[in-house]
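What follows is a single structure, written as structure tokens, with notes after it.
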Amino acid sequence: MHYLSKDDLLNIGIKWNDVIDRINDAVLTLKDGDYAQPIKPYLRFRNLTNRIIAMPAYVGGNVSFAGIKWIASFPDNINKNLPRANSVTILNDADTGVPVCIVNTSFISAVRTAAVTGLVVRQYLAAKTVDEVKVGMTGFGPIGQLHLQMIGDLLGDKLKEICIYDLRPVDQALIPDTLKDKVRIVNSWEEAFENADIFMTCTVSKAPYINKKPKPGSLQLNVSLRDYVADFLDYTQVMIVDDWEEICRENTDIEVMHKTKGLQEKDTHSLADVVTQEILKNAGADDVIMFNPMGMAVFDIATAAYYYDKAQQSGIGTVLAD
């Protein structure tokens, strides 16, 4: 059995378009029905803001692995100088069920999160004819840092500026040298939001606060899921979710919109719709698009399988005895 640590993954590196291609492969298995993904249970105890989540899945198609991610999310860890998220992912051979790899790091989960966002960004860019893009972001923890890397890589010369806001001081050393001249640290989420063509939430917010009208034609990436007030639905013309049953619970913005504004599954589009039905190309030029990803286990397994393949090819990682 292979064992991969964070250092192993960093040694392999991140080629964003390659990882996004693997996420795209997983989306196609959703369309074809060649997958299995039970609703993930949340384990809560003591402080109920904390949770440990079990995320099992099988992904067919070009991925062809089963497995599970076991991820703990403890928001107050930030005050203890510990990572908020800690996880282990196990891959099983889809034909025999034999465990073939353990990935002991939440880094892979963060890569998955940014890659799923990247798939939507890539579809958005393919649907738009733009010479320059302004980006806004709230939250600059590990998820925000990887989203910055991803968006910089996908946009390239089209990236005009990215405005970042965080409640805590932003460590400029965490900004890639290639992006330093395009990053501006701002003093409020409104400054990051108001002129953004693409806006990303990468926070651990417990209550919604985004209550302003967005820029027409913008892409709103609700990565952290609890940042937008319910009335934001009135500004949104294209609503995308990764999985309705998963996301319409746990007090997400989508669940609140469902309960208070009448949002229904039929009012949303899935990632499979976006990839296979050109939903974004058919959107109006001024239509506001909002993506809400609860996080799907199929994408965790697909990402882990990508790194397992790369590790085998490169001889990276540790082989454990049975």
Side-chain angles (χ1 to χ4, degrees), residues 23-42 51 53-61 69 112-113 115-124 127 198-201 205-208 210-211 214 217-284 286-302:
I23 297 297
N24 191 84
D25 288 343
V27 170
L28 295 179
T29 69
L30 300 178
K31 176 182 177 294
D32 295 338
D34 189 15
Y35 77 102
Q37 180 179 262
I39 294 291
K40 54 193 178 189
Y42 282 57
R51 65 264 192 194
I53 310 168
M55 300 176 63
Y58 156 73
V59 191
K69 181 175 79 172
R112 177 272 285 169
T113 302
V116 173
T117 304
L119 178 61
V120 177
V121 170
R122 205 163 69 175
Q123 293 286 327
Y124 176 79
I198 298 175
F199 184 73
M200 303 181 288
T201 66
S205 178
K206 298 176 183 177
I210 298 174
N211 57 3
S218 63
L219 175 62
Q220 304 290 316
L221 298 165
N222 190 15
V223 178
S224 40
L225 294 175
R226 296 171 183 87
D227 295 71
Y228 289 82
V229 301
D231 285 343
F232 196 84
L233 180 63
D234 298 335
Y235 301 133
T236 306
Q237 285 74 47
V238 181
M239 184 67 77
I240 304 166
V241 300
D242 52 3
D243 184 275
W244 176 262
E245 289 187 9
E246 285 282 10
I247 201 167
C248 192
R249 63 192 185 116
E250 293 294 326
N251 200 38
T252 64
D253 295 337
I254 289 295
E255 184 184 31
V256 176
M257 289 176 182
H258 170 64
K259 288 181 175 179
T260 66
K261 301 285 291 184
L263 180 68
Q264 303 294 324
E265 182 177 7
K266 64 181 178 59
D267 302 319
T268 67
H269 300 283
S270 70
L271 277 176
D273 295 335
V274 171
V275 170
T276 64
Q277 297 181 22
E278 298 189 332
I279 295 298
L280 301 191
K281 287 186 178 180
N282 295 329
D286 290 338
D287 285 355
V288 172
I289 300 161
M290 187 179 190
F291 175 50
N292 304 267
M294 187 65 160
M296 298 180 70
V298 291
F299 299 142
D300 288 292
I301 299 308

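- Under the 3.5 Å distance criterion, the side-chain polar atoms of Thr29 are left unmatched by any main-chain donor or acceptor of Val59.
- In terms of heavy atoms, Ala297 sits closest to Pro56 at CB-O, 3.5 Å.
- Pairs engaging residues 288-300 under the side chain to side chain donor-acceptor pair (under 3.5 Å) rule: Lys69-Asp300, Arg112-Asp300, Asn222-Asn292 [sequence neighbours left out].
- Listed by first then second residue, pairs satisfying ring-ring contact (aromatic ring centres under 6.0 Å, His included) with a partner in residues 234-253 read Phe232-Tyr235, Trp244-His258, not counting sequence neighbours.
- No donor-acceptor distance shorter than 3.5 angstrom exists from the side chain of Asn211 to the backbone of Val229, with no hydrogens or angles considered.
- Here the side chains of Leu30 and Gln37 are not in contact, with every heavy-atom distance at 4.5 Å or above.
- For the side-chain contact (heavy atoms from CB on, under 4.5 Å) test, residues two or more places apart in sequence or in another chain that qualify with Ser205 are Thr203, Tyr209, Asp227.
- Within 6.0 Å of NZ in Lys40 there are more than 12 heavy atoms belonging to other residues, nucleotides or ligands.
- The shortest distance between side-chain heavy atoms of Gln220 and Thr236 does not fall below 4.5 Å.
- Applying the ring-ring contact (aromatic ring centres under 6.0 Å, His included) criterion to Phe291, with sequence neighbours excluded, gives no partner residue.
- With values rounded to the nearest 0.5 angstrom, Ile23 atom CD1 is found 10.5 Å from Arg122 atom CZ.
- Atom CE of Met55 sits about 8.5 Å away from atom CD1 of Ile301, to the nearest 0.5 Å.
- Each salt bridge (Lys or Arg N to Asp or Glu O under 4.0 Å) pair with one or both residues in residues 246-256, not counting sequence neighbours, appears once here: Arg44-Glu250, Glu246-Arg249, Glu255-Lys259.
- We find the CG-OH distance between Leu119 and Tyr124 to be 15.5 Å, quoted to the nearest 0.5 Å.
- Tyr35 is linked by a side-chain hydrogen bond (donor to acceptor under 3.5 Å, both in side chains) to nothing, counting only residues two or more places apart in sequence or in another chain.
- The side-chain hydrogen bond (donor to acceptor under 3.5 Å, both in side chains) test applied to Arg226 returns no partner, not counting sequence neighbours.
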Please output the side-chain donor-acceptor pairs of residues 269-276 that fall under 3.5 Å, not counting sequence neighbours, one pair per line with the distance.
unit_1: Ser270; atom_1: OG; unit_2: Ala272; atom_2: N; d: 3.3
unit_1: Ser270; atom_1: OG; unit_2: Asp273; atom_2: N; d: 3.1
unit_1: Ser270; atom_1: OG; unit_2: Asp273; atom_2: OD2; d: 3.3
unit_1: Asp273; atom_1: OD1; unit_2: Gln277; atom_2: NE2; d: 3.2
unit_1: Asp273; atom_1: OD2; unit_2: Ser270; atom_2: N; d: 2.9
unit_1: Thr276; atom_1: OG1; unit_2: Ala272; atom_2: O; d: 2.6

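- With sequence neighbours left out, Ala36 forms a side-chain contact (heavy atoms from CB on, under 4.5 Å) with Tyr58.
- Across all non-hydrogen atoms, the minimal contact from Ala57 to Val298 is CB-N, 3.7 Å.
- Not counting sequence neighbours, the partners of Thr117 by the side-chain contact (heavy atoms from CB on, under 4.5 Å) test are Val121, His147, Met150, Leu221, Val223.
- Of the inter-residue distances, the one linking Glu265 atom CD with Ile254 atom CD1 reads 11.5 Å to the nearest 0.5 angstrom.
- Judged purely by atom type and a 3.5 angstrom limit, Asp242 uses its side chain to pair as donor or acceptor with the backbone of Gly295.
- Legend: residues meeting salt bridge (Lys or Arg N to Asp or Glu O under 4.0 Å) with Glu245, ordered by chain and number and at least two apart, are absent.
- Atom CD of residue Gln123 and atom CD1 of residue Ile279 lie 10.5 Å apart, to the nearest 0.5 angstrom.
- You'll find the side chain of Pro293 stays beyond 4.5 Å of the side chain of Ile240, heavy atoms only.
- Here the side chain of Thr268 pairs no donor or acceptor atom with the backbone of Met239 at under 3.5 angstrom.
- Scanning for side-chain contact (heavy atoms from CB on, under 4.5 Å) contacts around Ala230 gives Val256, Met257, Thr260, Lys261, with sequence neighbours left out.
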